[in-house]
There are 2 protein chains.
Amino acid sequence: MMTLSEENYLKAIYHLSDTCEGGISTNAIAEKMNTKASSVTDMIKKLSEKGLLNYKRYKGSALTAEGKLVAANIIRKHRLWEVFLVEKLNFTWDEVHDVAEQLEHIKSEKLINQLDEFLGFPKRDPHGDPIPDKDGNMSDHADVLLVTLNKNDKGIIVGVKDSSSSFLKYLDKQGIALGKKIKVIDKEPFDNSMKIRIKKEEFMISQQIANNIYIKK
Amino acid sequence: MMTLSEENYLKAIYHLSDTCEGGISTNAIAEKMNTKASSVTDMIKKLSEKGLLNYKRYKGSALTAEGKLVAANIIRKHRLWEVFLVEKLNFTWDEVHDVAEQLEHIKSEKLINQLDEFLGFPKRDPHGDPIPDKDGNMSDHADVLLVTLNKNDKGIIVGVKDSSSSFLKYLDKQGIALGKKIKVIDKEPFDNSMKIRIKKEEFMISQQIANNIYIKK
DNA sequence: ACTTATTTTTAGTCTTGTCTAAAAAAATAT
DNA sequence: ATATTTTTTTAGACAAGACTAAAAATAAGT
């Protein structure tokens, strides 16, 4: 049986593996977990002994197949609960994260599979992130970041990279939501800011914003 | 903020206060919590310092008003989740307890109030136990145990005292469910076993069974 | 009342997960 | 190549919550 802390470490390492290739550094984990490197070293030893990750002193860590499966399962739970909160309990997409962070640790196979069915086997969470299946497989974010589009390109908004409450609230205010059609009216080469059109309305967004929105072309 | 362990102690003491009047003994708590008396002493001190219960060495413990409120809130969450599991996720009434035991510790005011609304503000959980409102008030079990009925008495099954999986499965097998009309055909004075009728069907039940079923006359 | 039994508390230890401070290994710079 | 900086690990300590063993307070028995 997995402790709460172990689960959180696995999840963090899984997410870090997405961006960085190769072994994950102890410091990177410490930063993500808001803890100290020495604490990470201890936990890494423990997870390593359990066969959930591979690690040699002073080299980075990498999840084993089993470790990945456990992590994907936690993420599956997190994202299914997020769908539940938004679709059934009227939460907004910027409110769900903290609660899902708790719910993801509830242990019951039946619970999560029934929840999946109850929600109609959703493929994405409210932020557009893919929901892994029972075996940890999920449709990749093959989609592209808005910032990579050029003048006159069109697409559909399918996800966000940053799920912070403040970012999501900004999007709500601008009328930027998943599923909306978007067209790049103009792009400023100097700072990569762009003028976009959503539903007849045109406005400017900075590169920082465009860098956190996924588009399906 | 309340730890998981503190919450479980409060809940246990709250439940014990239902049956026993007066201060709850350290040993009684230890037994209910499956732990040792010495551990209970430590926790009692902690809860006492937090103003959640009153205690003097070698005397029993009793929850303060605030302690009761906290406990009732945990029970509220537990029972609402049980309703959710049975009504929405197709759990049977003997499967819900362990999962609800985990879910009851999720911290989010909004979550529980939205869940309450989503379920249609239920008044009872799947075992017939009353669900406290936000202020900790709940309709009492003014109902009577089946064992107290006499020959030819009639009533409606409204709850169970024992919620163990084995007991609930036995009831399912016998066709004994909440809401069913019941009539006492005969009662054996020697061992208090009774012959009862539910839906034209008559059968015998022992005192032990009759002692764990609540009836509304 | 005084001895015996029970209950409760204290004292000290253990585990998990954290921390700080210092040592060791690896990476970088000159 | 050697000195310096950065990263990682070790060593030792601490808090929460549990345990065991023993002491202290209360209750019961005769």
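All of these numbers come straight from a predicted model, not from anything done at the bench. Below, read A as the first sequence line, B as the second, and so on, with proteins coming before strands; counting in each chain starts at 1.
- OP1 or OP2 of D/dT8 sits under 4.0 Å from a side-chain N or O of A/N27.
- Between the NZ atom of B/K36 and the C1' atom of C/dT15 there is a distance of 17 Å, rounded to whole Å.
- Evaluation of the side-chain hydrogen bond (donor to acceptor under 3.5 Å, both in side chains) rule for B/N212 yields no partner, not counting sequence neighbours.
- For residues 52-78 of chain B, the set of pairs meeting the ring-ring contact (aromatic ring centres under 6.0 Å, His included) definition, not counting sequence neighbours, comprises B/H78-B/H97.
- Every residue meeting the side-chain hydrogen bond (donor to acceptor under 3.5 Å, both in side chains) condition with B/E7, not counting sequence neighbours, appears here in chain and number order: B/H105, B/K107.
- Heavy atoms of A/S5 sit under 4.0 angstrom from primed sugar atoms or phosphate atoms, though from no base atom.
- Between the OH atom of A/Y9 and the P atom of C/dT16 there is a distance of 15 Å, rounded to whole Å.
- Contacts between residues 47-54 of chain B and DNA chain C, counted as heavy-atom distances below 4.0 Å, involve no residue at all.
- Across the protein-nucleic acid pair, B/M33 atom CE and D/dA18 atom P stand 6 Å apart, rounded to whole Å.
- Using a 4.0 Å heavy-atom distance criterion, B/T35 is classed as a sugar-phosphate-only contact.
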Pairs: protein N or O with nucleotides 9-13 of chain D N or O, under 3.5 Å:
| unit_1 | atom_1 | unit_2 | atom_2 | d |
| --- | --- | --- | --- | --- |
| D/dT9 | OP1 | A/Y58 | N | 3.0 |
| D/dT9 | OP2 | A/T26 | OG1 | 3.1 |
| D/dT9 | OP2 | A/T41 | OG1 | 3.1 |
| D/dT10 | OP2 | A/K45 | NZ | 2.6 |

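- Rounded to an integer number of Å, the gap from B/N34 CG to D/dC19 C1' is 14 Å.
- Between B/I29 atom CD1 and D/dA18 atom P the separation is 13 Å, expressed in whole Å.
- Using a 30° and 60° split on the angle between ring planes, B/W81 and A/F84 fall in the tilted class, from 30° to 60°.
- At whole-Å resolution of the value, CG in B/L4 and C1' in C/dT16 are 15 Å apart.
- Listed by first and then second residue, the salt bridge (charged side-chain N to carboxylate O under 4.0 Å, His left out) pairs involving residues 59-77 of chain B are B/R76-B/D116 (not counting sequence neighbours).
- With sequence neighbours excluded, no residue forms a side-chain hydrogen bond (donor to acceptor under 3.5 Å, both in side chains) with A/N27.
- When each of A/K45, A/K11, A/K50 is paired with A/E6, the salt bridge (Lys or Arg N to Asp or Glu O under 4.0 Å) condition holds for A/K50 and for no other.
- Across the protein-nucleic acid pair, A/M43 atom CE and C/dC19 atom P stand 11 Å apart, rounded to whole Å.
- Evaluation of the salt bridge (charged side-chain N to carboxylate O under 4.0 Å, His left out) test over residues 81-93 of chain A, restricted to residues two or more places apart or in two chains, returns none.
- Atoms CD (A/E31) and C1' (D/dT7) sit 14 Å apart, rounded to a whole Å.
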Can you list, pair by pair, the side-chain donor-acceptor contacts under 3.5 Å of residues 29-44 of chain A, counting residues two or more places apart and other chains?
| unit_1 | atom_1 | unit_2 | atom_2 | d |
| --- | --- | --- | --- | --- |
| A/T41 | OG1 | A/A37 | O | 3.2 |

